[in-house]
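Counting starts at 1 for both ligands and their atoms, following the listed order. Owing to the predicted nature of the structure, the values given are computational and were not obtained by experimental measurement. Hydrogens, waters and symmetry mates are skipped; everything else that's a heavy atom, side chains included, is used.
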Amino acid sequence: FVAKQHSERTINTRLNSNSNGESDFSTPDMGDVGFVLLAGGTGSRMKAGMPKQYLPLRGVPVLHHSLDLFLEKLVDHCKSNNKGTSSPPENVVLVMDPLYQPEYQSIVDRYPGRLEFANPGVERQGSVENGLNKLVEMSKGKCQFVAIHDSARPLVTIEEICNVVVDAKEHGAAVLGVPCKATIKESEDGSFVARTIPRSKLWEVHTPQVIKIETLLKGFKKVAAENLEVTDDVSVVEALGEPVKLTRGEYTNLKITTPEDMDVAEAILEDRKSKPVNMLA
Ligand SMILES: C[C@](O)(CO)[C@H](O)COP(=O)(O)O
């Protein structure tokens, strides 16, 4: 009996639902949230001959996991939760190198008005700007918030997405993250330690990063005018001096960067026994 109870609890924790099959977290209205999926990178650290977002993970390219989540699983989740009070997301922009776009045209055609391409910029911020402009255009101003996600983070969960959207709606901007486990040292020259940053203050941030569109547009202007270097999206909000909520995420939301990350991601998906991504195969 104890073993049965334990295994039921484990399963329910994994699925994040109670015994009635309802989720244990709140599902926000996603009707005014658009998704920008960044898949324009070259993945040079992977040394795989092709960008990491196209490498096979559980039989489908890495980026399909996020596409499937935003276009199918999250939509199903919103429809089946909160008794119809959470409308599903309607707009997804896929930022992708024009070289690869023809290969993905048939997938885009399967979601008319819901999925569109944007071209990458030179840096991350350029790609985000292009994706955001496309989102504003395709949603005809309906989207108030943008959720920016790295296609190299295929393990993000519906619960994490719901939590970060809830926080962004309350605070204007929110980012998924986890407290740092390692001690982080700073170096000026890459050879010697300059200082150690108190670990209790450090968070490793992930994506999606969810931001009010109006704020992000304002932030882009400041970043361009002051030539600021930003490596993530909420930095733009920080530059404006506006608050960014840290939403506690999962350590499993890793960014596939080097070859061993693929093995870890495969193992996590195997452990979750997650539903296969077959609609895009
Ligand atoms: C946004 C990010 O995932 C936060 O950890 C990270 O900064 C992205 O870096 P990338 O070099 O644009 O992949």
side-chain hydrogen bond (donor to acceptor under 3.5 Å, both in side chains): which pairs involve residues 113-124, sequence neighbours left out?
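Those involving residues 113-124 are Q101-N119, R124-D150, R124-D233.
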K255 to ligand 1: N or O pair under 3.5 Å?
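Min N/O separation from ligand 1 is below 3.5 Å for K255.
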Does any N or O atom in R124 lie less than 3.5 angstrom from one in ligand 1, N or O only?
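Yes.
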Does ligand 1 come near enough to T231 that some N or O of the ligand is less than 3.5 Å from an N or O of the residue?
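Between T231 and ligand 1 (N or O atoms, distance only) the closest approach is under 3.5 Å.
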Report, in ascending order of atom number, the atoms of ligand 1 lying under 4.0 Å from any heavy atom of D232.
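Listed by number with element: 1 (C).
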Would you say that N133 contacts E137 through its side chain, given a criterion of any heavy-atom pair below 4.5 Å between the two side chains?
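No - every pair of side-chain heavy atoms lies 4.5 Å or more apart.
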Can you list the atoms of ligand 1 that are under 4.0 Å from a heavy atom of D150?
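Listed by number with element: 1 (C), 2 (C), 3 (O), 8 (C).
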Test item: H77 side-chain N/O and N81 main-chain N/O as donor-acceptor pair under 3.5 Å:
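Checking the backbone N and O of N81 against the side chain of H77, no donor-acceptor pair under 3.5 Å is found.
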Mind checking whether R153 has a heavy atom under 4.0 Å from ligand 1?
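Checking ligand 1 against R153, which is what was asked, there is a heavy-atom contact under 4.0 Å.
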Is it the case that the side chain of H65 and the backbone of L57 share a donor-acceptor pair, with hydrogens and angles ignored and the cut-off at 3.5 Å?
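Looks like yes, one N/O pair under 3.5 Å.
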Would you mind listing the cluster partners of Y251? Hydrophobic ones only (ILVMFWY), side-chain contacts under 4.5 Å, chaining allowed.
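The other cluster members (ILVMFWY side chains, heavy atoms under 4.5 Å, direct or chained) are V178.
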